[in-house]
Structures are given as C-alpha cells and as structure tokens.
Amino acid sequence: MTKRLRIGYMPLTDAALLHVAAARGFAAAQGLELDLVRETSWANVRDKLAIGHFDAAHLLAPAAIASAIGIGHMDVPFVAPLALGLNGNAVTVSLPLYEALRKEALGDLADPRITATALARVVAKRRATGQDPLTFGHVFPFSTHHYQLRLWLRAGGIAADEDIRLIVVPPPFMIETLRKGQVDGFCVGAPWSSLAVAAGVGVIVHTGVDLVRNCPEKVLAFRADFAETRAEEVHALATAIHDASLWAADAASKPELVSLLAAVADYGVTTDTIAHILSADVQRTGSPVATMGLRLDPKAIVADGSHALWLYAHMVAAGQASFDPGLADAAVAVYRPDLGPPGGSPADVPETFDSILFSPDDISTYLGKLVSAGRHEPSW
Amino acid sequence: MSGKGSVERELRIAVIDKNPLRAAVLEDGLREARHVSVVRIDDTAGLLDRLRELDPDVILIDLESPSRDVLEQMFEVSRTVARPIAMFVDHSDTAMIEAAIDAGVSAYIVDGLRKERIKAILDTTISRFNAFAKLKDELARTKSQLEDRKIIDRAKALVMRARSVSEDEAYALMRKAAMNENKKIVDIARSIITAAELLR
C-alpha cells in the first residue's frame, strides 16, 4: 500500500534530491507518494514539522540542531537520517563594495584572507569618515550562511555585530535590498547569488567552497517521535533519497537532472544556472557566473556526527550556544544514520580556508583557535 | 491620566501583512479590545529597524510572509532588542499553534505579558483571519458561479441554433446529457463549446 508523506521544502537548488526522488520514481519504488509543499520561510518549515503538519522537511542542519538542543525558542527534538547535500552558498557584494575591495586588496581577490583584510580597511575608513557600518545579510540565525560570513569577517579581524551589522534577509528580498543599498552584501544559497549577478546588482566575491569545503547544509529532518513510531516510512524515504543521490551523481543523468531542477525552480532560473551551481569545477572570484560546487552524491548525504559537531562549534563561536559537552552530544544525536540505509563512508569533515583544522575529538581547541584568530590586530 | 495604578499600559501590536484588506479587517477587530494600539508595517526591507523603533508587545505576522525568518533573529537572543521576545504559543500549547497555523498567522510576543490578554488577542486574530478566508472563498465561489453561468448560456445558444430548439429545450437536452454521463452541466457546456469550435 502506498504511504503518502507530506514534506516541506524551501525553493532552493539543494532541495534537489526530494524532487528527484518524487519525479524519477525512487519514492514510488519504496511505496511512497511524496507531497512536496513549497514554503516561504525556514521558521514555517520548522514549525510545521514540529506540530505535525509535515511528516518530513528540507531543513537547515543548524536549525534542526538548535531546536533539538533547545536554543532559539523552539524545543522539539528533530532527527536526520541523512543530509541533503553539501555546499551551494556564495557571498555576493554590491558593485560599489566590490570596487572598494578591489582598491584595498593587497593580493589575489580569490583569497578570502586578502578580501577579509581589504574589507577591514573599508570598515576602518567608513568609521573614520563617520559613515554607517556596512550591513550583510544572511538567511537565518542558525544557518551556515551566517557562520560562513562570520568566518570570513574573523579572518580580517572584523567584529560581527560591532564593525559590521549582520541581519536576516529572506532570499526573495536579497536582490532588491542589495539594489537599494539596504545591505552591502550577503551570503545565500543557490540560486540566489547567481540571480543577483544576472540582475547586474552584485558580484560573487567568494563561493561557499572558497570559505568552507564540504560545508554541511540541509538535512532531511523528522520529529524524533515520528521517527520512532513510523520507522519504516523514515527508512523508506531515506532509501529513496539515497537512490536519488546515486542517480544524481551519475554523469549520464546530468542533463536530465539539470532540466528537472530548472523546471521546479522559478525566478528565471535557467538550465545553465543550475549546471553552474552543480559544477565542481569552481571558478575563481569575479567571474560572471561562479560555480558553486553543490554536492548531491552519496558521500555528501551521509549524516555524519562530525558535521553536526562542526555546526555546534560554530554556534558556540557565534555566541548562540554555550560550550558544554552535553550539548555537543545532543547535537551529534540529531544525526541518525542508523535510521536510513547503509550509507557508506561520509565526506571529509568541513575544512575552512583559514587552515584552522577541525577535529571532532577536540572541539575546545578548535574553538580556542577560532576565537583567537578573530582577535588579531587588524593590519590597517 | 492618573489611574489607580492598576490601569494597564496600552498594548502595542504590530501587524505585518502584505494583504491590506486582511490587515484592515484584523486591525478593526483588535481595536475593539481596550488599551490596544495597532500599527501595520511593511514586510520588506528595514523591518528590524522599524520594529525596534515601535517596540511592540505583540507581533502578528502573515504565515506566508518570508519575513518570519527576520523575526527569528529578533528573538534568537536578546542582543538585538532591549527585551527578550518569545513565540507566545510555546510548544506546550500545540492546539493554539495548530489553530494559528491553520488560520495562516503567527504570533510573537514579548515575555512577561499576562497570558489571558495574549489569548484574547490571539483568539481575535485567528477568528478574523478565518473570517477573511471565508469571505475570500465566498467571493471566489460567486465569481466561478458567474463564469459557469456564462459558459452554460453560450453552449445553450449553440444547441438552440444547431437543433433549432427553444432555450428551455436546449437546457433540458444538456441537463439530460449531464445526468447520463454523470457530469456537471457546466462540463457538458464546455465540451459543446470545444466541439463547436473544432467543427466550425
């Protein structure tokens, strides 16, 4: 008998595997019918999952963890049998800010350390001349977009919230706020940066992979009690997603994958845009269309505890959570690969551009290095 | 005005809704409550600054507004606003969340408000949102009935001409076909129009 699952998602390229599972019959093969419901905010996705309007959801991994460890005013245990991909974000700045960065840069703009230092000089000059601090947008307090911006700022010795304002801007409003000068830059998931570039209002200064390689993004989230009482359906959906991932990773599927994702996208997303988002051949800064290195392959969707720990460490670094081994364990417990099919080996742990190595066994050292890296005297 | 100290401070309610009609319906309803001031604000850029200025006690937001995520930042930590903000309907109150979500509204309130006042406000909001949805439904239904009428009239005219029958007879023929095929008369009318166009 076919079971029907209602699944909430945000219209981003990395909801891909849900669309593939539904459209290519991988869900049907598991006896599932997927009712994919497009949402307008991450808060909606989370709340509707929490109260049972959705059976499963495409959810920001840090949002799932935040809710599970009881920060951010939502206290519902979520679990994730697998992730839905890695990478896919980009930092885009306004044309005037890009020009200013170019003038201040002492080296290759492709290097985030160079651009962060250049940004620090822009910040200092604005302060000296009494101008308002720069404002950057990201998509949700508990998001890798937020943490990637902080990592970048830290490399320039820039204090987030003091030297630069960080605000949440819903992706559909990103381009307009950049055009109007209400933000000077943003970090957002695909396809929004590509669209900002196409609209002629911004330049991609760094793709997400320039800042963090193998960056965790969204997970397939369930309520913990649902996962317990309806374990078979959870396993079936995870299997369907896993099969979708195998298909998507096959080079022969590429043309069909690209047109499927363009068909379910909107806002004028072309097959070319999608192809660039999925391309692993990352082009450097300032190119008209940046490639994003969004990964959908089976390694990229393994719910590996080290990725949850990495996210938790960045929550602590952002001042959102306190450092506590109990919370770290709770964060890891969100990732439940045991609820899905055997997934094989996971992708490597996330790796940041600033050579601060993350070791899941020793978060406190990592945190210490992260924090002290942000404290060095700016070099202006 | 000097009260006896028990007079409640006027509650400030911010309404974030792109639909001006629904926002107006909601405002009207809330104004009837005492000691309440309602301000409607735009859901696009600069929302956080505007809210900081207003310093509302309660924020009501259309569930379809992408700006819900902006509010999450406000109540993530208290560093952006002077006072902590919480979602009123905490998870323990699932029935209230359900009702609010079904109606299409989400509410955020500042900590420390008396629960019975909040409940009254949320009840009003939910019933107003539901009333508005009903109104919209009825409007849509009336409109589609009107369109059905037009289609049936057109088909009737075609049957009258083709079969040289009266208006009543044409209608009777269509009704009989509808009954035989277990379809709505408007569907039969649509097929007649399509067929007539093909055979023209």
Side-chain angles (χ1 to χ4, degrees), chain A residues 10-11 38-54 60 62-63 66-67 70-77 135 137-143 145-146 160-162 165-183 223 315 318-321, chain B residues 16-19 41-52 59-81 83-112 126:
Chain A
M10 287 289 276
R38 182 195 163 109
E39 266 301 340
T40 51
S41 70
W42 287 116
N44 272 8
V45 173
R46 181 203 57 202
D47 293 354
K48 289 185 180 178
L49 181 64
I51 67 160
H53 275 215
F54 293 148
L60 293 161
S67 180
I71 55 174
H73 287 271
M74 200 21 126
D75 192 0
V76 180
T135 302
H138 60 84
V139 302
F140 200 70
F142 307 107
S143 67
H145 317 71
H146 181 190
D161 309 320
E162 287 167 37
R165 286 183 70 198
L166 294 185
I167 62 167
V168 169
V169 179
F173 300 162
M174 285 283 182
I175 296 174
E176 205 43 40
T177 48
L178 190 64
R179 192 199 306 272
K180 287 188 179 147
Q182 285 155 336
V183 295
R223 268 187 339 279
M315 286 179 184
Q320 294 177 324
Chain B
I16 304 167
D17 195 338
K18 224 170 40 199
N19 184 327
I41 47 183
D42 198 10
D43 80 336
T44 46
L47 179 62
L48 219 52
D49 287 339
R50 189 83 181 87
L51 284 172
R52 210 169 294 157
I59 302 168
L60 298 171
I61 181 167
D62 169 20
L63 211 60
E64 290 312 308
S65 168
S67 290
R68 271 205 70 195
D69 285 345
V70 177
L71 299 186
E72 293 289 315
Q73 185 182 18
M74 275 188 76
F75 75 115
E76 170 209 353
V77 265
S78 51
R79 78 176 159 230
T80 45
V81 276
R83 287 172 297 165
I85 302 225
M87 192 168 179
F88 153 59
V89 265
D90 55 40
H91 185 63
S92 58
D93 204 346
T94 315
M96 193 59 110
I97 301 191
E98 287 250 32
I101 285 183
D102 281 339
V105 68
S106 180
Y108 295 83
I109 63 124
V110 168
D111 265 350
I126 291 171

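Letters go in sequence order (proteins before strands), and every chain restarts at 1.
Judged by distance alone, the side chain of A:Thr40 and the main-chain N or O of B:Glu64 form a donor-acceptor pair under 3.5 Å. Distance alone, capped at 3.5 Å, is enough to place a donor-acceptor pair between the B:Asp69 side chain and the A:Trp42 backbone. When atom types are taken as modelled, the side chain of B:Glu72 and the backbone of A:Phe142 share no donor-acceptor pair closer than 3.5 angstrom.
Nearest heavy atom pair, residue A:Val168 against residue B:Val70, reads O-CG2, 3.4 Å. The shortest heavy-atom contact between B:Leu63 and A:Asn44 is O-ND2, 2.6 Å. Between B:Gln73 and A:Leu166, the shortest heavy-atom contact is NE2-O, 2.8 Å. Of all the heavy atoms in B:Ser65 and A:Ser41, the pair that sits closest is O-CB, 4.2 Å.
Residue A:Val183 does not touch chain B at all, counting heavy-atom pairs closer than 4.5 Å. For B:Asp62, no part lies near chain A; criterion is any non-hydrogen pair under 4.5 Å.
A:Gln182 places none of its side-chain heavy atoms less than 4.5 Å from the side chain of B:Asp49.
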